[in-house]
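Please read the structure below before turning to the comments.
Quick note: numbers below take in every heavy atom, side chains included, and nothing from hydrogens, waters or symmetry partners.
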Amino acid sequence: MLIEGANRFGLAQLHQFRGRVGRGEAQSYCIRCPTRRASRKRTRLSAIEQTNDGFKLAEIDLEIRGMGEFFAPGRAGYLTCAWRA
């Protein structure tokens, strides 16, 4: 499998892609090709080479990207649920 623009995907998505190949008896490969050379994205791509453990990848992703904010002003889209006091 060849993944072009691998730096645009999250670690969870790349881990899922990697799990889709290699299920049979034949040797298989998952090749990730980034489009840009950003240090944070290189760190994410190198993390997926270090482990096959999805939980460990989630911890690494949390360390790199942080928790995020649900109500951040920079978020896109609309909030469709109604909050009641």
- Give, for atom CG of Leu14 and atom CD of Glu49, the distance between the pair rounded to the nearest 0.5 Å. 10.5 Å
- Arg32 bridged to Glu4 by N-O distance under 4.0 Å: no
- Between Leu2 and Cys33 the two heavy atoms that sit nearest each other are CD1-SG, 3.4 Å
- Query: At what distance, to the nearest 0.5 angstrom, does CD1 of Ile48 lie from CZ of Phe9?
  - Reply: 11.5 Å
- Message: To the nearest 0.5 Å, what is the distance between CZ on Phe17 and CE on Met1?
- Response: 7.0 Å
- Message: Can you confirm whether Gln27 is buried at CD, in the sense that more than 12 heavy atoms of other residues, nucleotides or ligands lie under 6.0 Å from that atom?
- Response: yes
Side-chain donor-acceptor pairs of residues 56-63 under 3.5 Å, sequence neighbours excluded:
| from | atom 1 | to | atom 2 | distance (Å) |
| --- | --- | --- | --- | --- |
| Asp61 | OD1 | Arg65 | NE | 3.1 |
| Asp61 | OD2 | Arg65 | NE | 3.4 |
| Asp61 | OD2 | Arg65 | NH2 | 3.4 |

- Note on the structure: Taken to the nearest 0.5 Å, the spacing of Ile3 CD1 from Gln13 CD works out to 10.0 Å
